[in-house]
Amino acid sequence: KQAQRVANEADAEDVKAAMKEMGIEPKEPAQAAQSPPKKKGFFSAFSNKEDKKKAAERATQLKKQEHEAKNQMTYMVMMGQAKEASEMLGAIIEGSSAEDLQANEAAQEVVMTCMKYQSHLEVLASSVQEDEQVAACIALNEELTERINLYQQFVSGEMQPGDLL
């Protein structure tokens, strides 16, 4: 046991010497046990409650702006797609006979797409903030309704393409 203790002490001295060479001042076991480890304090980028409150308000404001930008983008995309579908249905109606419309699967798909946009426009109108945007949603929804009704009247034979003139 004594030989092992001497070997451990020699190893400890080697470690201390290596630490000194690296610029680290080794502590004696009694010193190390006496000094408790330093507690790391919580780092905060905010110096006081006012700064924290301002940062929270700014974060809320940024989230609101992001949400508004997303809504605006959704509005623009939805309006563009719905307008395109409406124009497409109008062109199909103007260039087709009732028989052509009845057999035209693409026309039926365009009508279904227009119906889908009607429901989307209703939701969109309730989510936009600007009066002009609400009015545009309503106007486009009415245009879709008129064209869908016109398509259905042509397909059912109630109306003929010449009746548009």
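Bear in mind that the values here come from a model prediction, so they are computed numbers and not experimental data.
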Measuring from L150:CG to T145:OG1, what's the distance to the nearest 0.5 Å?
-> 12.0 Å
Beyond-backbone contact of L144 with L121, side-chain heavy atoms, under 4.5 angstrom = yes
Result of checking E143, Q153, Q118 against I148 for side-chain contact (heavy atoms from CB on, under 4.5 Å) = Q118
Joint cluster assignment, V128 & V123, ILVMFWY side-chain distance < 4.5 Å = no
Should R147 and C114 count as side-chain neighbours, where that means a heavy-atom distance under 4.5 Å?
-> no
For Q152, does the CD atom have more than 12 heavy-atom neighbours from other residues, nucleotides or ligands under 6.0 Å away?
-> yes
Separation between CD of E109 and CG of N104, rounded to the nearest 0.5 Å = 9.0 Å
Is M115 close to V111 at the side-chain level, that is, under 4.5 Å between some pair of heavy atoms?
-> yes
More than 12 foreign heavy atoms under 6.0 Å from CD of E66: is that the case here?
-> no
Within 6.0 angstrom of M112 CE, more than 12 heavy atoms from elsewhere = no
Interatomic distance, CD@E146 vs CD1@I93, rounded to 0.5 Å, equals 11.0 Å
Note, Q102 side chain near F154 side chain (heavy atom, < 4.5 Å) | no
Do the side chains of Q133 and Q72 get nearer than 4.5 Å, heavy atoms only?
-> yes
Kindly say whether I92 contributes a backbone atom to a donor-acceptor pair with the side chain of S96 at under 3.5 angstrom?
-> yes
Any idea which heavy atoms bring N71 and S127 closest together, and the distance?
-> ND2-O, 4.3 Å
Would you sort out whether Q129 and E68 count as a side-chain hydrogen bond (donor to acceptor under 3.5 Å, both in side chains), showing the intermediate values?
-> CA-CA 9 Å; Q129 303 295 320; E68 288 172 1; over 6 Å; no
Would you say M88 and Y117 are hydrophobically clustered, going by side-chain heavy atoms of ILVMFWY under 4.5 Å?
-> no
Between CG of L140 and CE of M78, what distance do you get to the nearest 0.5 Å?
-> 10.5 Å
